[in-house]
Amino acid sequence: MHWADVIAAELLKRSDSHTIATGISPSGHIHLGNLREMVTADAIRRALVDAGGGAKIVYIADDFDPLRRRYPFLPEEYENYVGMPLCKIPDPEGCHNSYSEHFLQPFLESLEILGIPVEVCRAYQMYRDSLYEENTRIALRKRDEIARIIAEVTGRELEEDWYPFMPLCKNCGRINSAKVKSFDEKWVYYECECGYSGKVSYSGGGKLTWRVDWAARWQILKVTCEPFGKDHAAAGGSYDTGVRIAKEIFNYEPPYPVPYEWIHLKGKGAMKSSKGIVIPVREMVEVIPPEIVRYITIRVKPERHIEFDPGIGLLDLVEEFEEKFKEKDRSVELSLVGDVVYSDVPFRHLIVVGQIANWDLDKVLEIIERTGYRVDEIARKDVERRLKYAKKWIEKYAPDRIKFEIPENVSVDFSEEEERFLKVYAEKLQNNMSPEEIHTLVYDVSKELGIKPSKAFQAIYKAILGKTYGPRAGYFIKSLGVEWVKERIKAAL
RNA sequence: GGGCUCGUAGCUCAGCCAGGCAGAGCGACGGGCUUUUAACCCGUCGGUCGCGGGUUCAAAUCCCGUCGAGCCCGCCA
């Protein structure tokens, strides 16, 4: 049974309908590792729906959170914005209304492409809409109890004057430097490090501290299930405190937890926006088909670590997907987006053919037909779609080893042996030969002439590519067209 | 100090939730073929399921313990 179906079954024991919460922070480039949370949520959502339940995903963008520090990708003047809410900081590239929107927008676009429907909630808006008001009041009133819970769960004593609320200072604009002094039914009174003292309202004047905010959010949005990174899942971590705060302070049953492991970039370690080890999601969904991006996460249980290799490793993954597609594998089923169609043309073949045809669709289809695949409407549609990805992948992630270009003409010197081979080989090439026959012919001719096959292959590649190596010869020549190859050899000699 | 995950064939892993003949791919080996985009075809070999106990008619699977590896928490969120 697939992990998503197991979780769905577990959830359906509790209730027929579920709200799955996600909460990737828009504090920097949102990457594949972050995306695991979204894909995990969506796999569960689909499993619930498939099992006859109701489900939706809410995505809480915490744009009210302060900028923690100036990340390496930020200009120096952003030092001044540290401590201010993300939604109040200008876009470092000037293209959006705020810092948070700059990272949020491409992420939301990616979700669209990946077929992950979400209800977006921006934290600042939620606070301003008074959604947190009641929970904030309760939290302030019960701060001693909350402090006790946090102390018990984390083993960390909180300061005497601790409050579970961070006022947004009206003077300096920072949300992490003011201390609550007192509160009444309407206002929270504070003193800021900047020297300013003032009061703020419950609606948008500040936010609850993380561990309390999380628990409050569960209740406000009626969250019943939530995937989160293993950092939150550790003993004494925020889920543990959240559970007790939800139950004891807000009287709410905490959501079903789905902790997940990090995704590492092969050879580079964990993806961390702050360290610049990232492939932004928006970039990935341009290069890799959405069903494959989803499959990266869905094929593996959430608690297992993933090592992602966008290079040759991705090609293996795609091949595995193509194999499993034929078997109606559940992971594949949960990965497919919309009404995509798949033909039996392998991605690997598209990569070779695309390069030969210079990514021209009609030419590609012609070659695909010639190399023995049936080109019907489905294949046409499928090839058109995946060819674009093949091109992008070659440009972006493919190792040089599998890239090639066919030069206008080649000027290379052939040995007497090579010349002799090419002449005979070109003569014997027939238009109606299959790729296998073309391949075998290389061996036949070289045997006949007493030439080492390796020399023979080299001669062929030299004539076509000007290099001593290239794609598998039979398919390659068939793809290029036998007539063309014959002409090419004649011209090269 | 605490938590999570992993430990199954030489390698990468599936199987474990819900106990019922130990699995796949790759590699190795034999053969065919033999420069190839991580070649292909046929066949063979390959495991004390980390270790120790317990439950059971039956344990890779459940329970307890233990060893090893990785990560996370014990700053902030």
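Each chain gets a letter, A, B and so on, in the order its sequence line appears, and its residues count up from 1.
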Nucleotides 74-77 of chain B: which of its N/O atoms have a protein N/O under 3.5 Å away?
from: B/C76; atom 1: OP1; to: A/R156; atom 2: NH1; distance (Å): 2.9
from: B/C76; atom 1: O2'; to: A/R68; atom 2: NH1; distance (Å): 2.6
from: B/A77; atom 1: O4'; to: A/R68; atom 2: NH2; distance (Å): 3.4

message = Whether the side chain of A/D62 engages the backbone of A/F64 through a donor-acceptor N/O pair (distance < 3.5 Å, no angle test) should be reported.
response = yes
key: Side-chain H-bond candidate by donor/acceptor type, A/D309 with A/Y397, under 3.5 Å   = no
query = Does A/K301 have a side-chain nitrogen or oxygen under 4.0 Å from the phosphate oxygens OP1 or OP2 of B/G15?
reply = yes
query = How do A/P259 and A/H439 order along RNA chain B: which one's closest nucleotide is nearer the 5' end?
reply = A/P259
task = Indicate, with a heavy-atom threshold strictly under 4.0 Å, whether A/K467 touches base, sugar-phosphate, or nothing.
result = nothing
Pairwise C1' distance for B/C72 and B/G53, with rounding to whole Å = 31 Å
remark   = By nearest-heavy-atom nucleotide on RNA chain B, the more 5' of A/G237 and A/F457 is A/F457
message = Could you identify the nucleotide paired to B/U44, looking across every strand shown and requiring Watson-Crick or G-U wobble geometry with both distances under 3.5 Å?
response = B/A28
inquiry  = Does A/T468 reach a base, just sugar-phosphate, or nothing at all? Heavy atoms under 4.0 Å.
reply    = base
inquiry  = At less than 4.0 Å, is any side-chain N or O atom of A/R299 found next to OP1 or OP2 of B/A14? Yes or no.
reply    = no
inquiry  = Applying the Watson-Crick and G-U wobble criteria at under 3.5 Å, what pairs with B/C17? Answer none if nothing qualifies.
reply    = none
request  = For nucleotides B/U56 and B/G50, find the distance between their C1' atoms and express it as a whole number of Å.
outcome  = 23 Å
inquiry  = With rounding to the closest Å, how many angstrom separate the P atoms on B/U55 and B/A60?
reply    = 16 Å
Exercise: do A/Y260 and A/E303 side chains pair donor with acceptor under 3.5 Å = no
request  = Answer with yes or no whether the side chains of A/Y295 and A/E320 bring together a donor and an acceptor at under 3.5 Å.
outcome  = yes
query = Distance only, no hydrogens: is a donor on one side chain within 3.5 Å (strictly under) of an acceptor on the other, for A/N34 and A/H31?
reply = yes
request  = Mind checking the CZ-CD1 spacing from A/R122 to A/I60? Nearest 0.5 Å is all I need.
outcome  = 12.5 Å
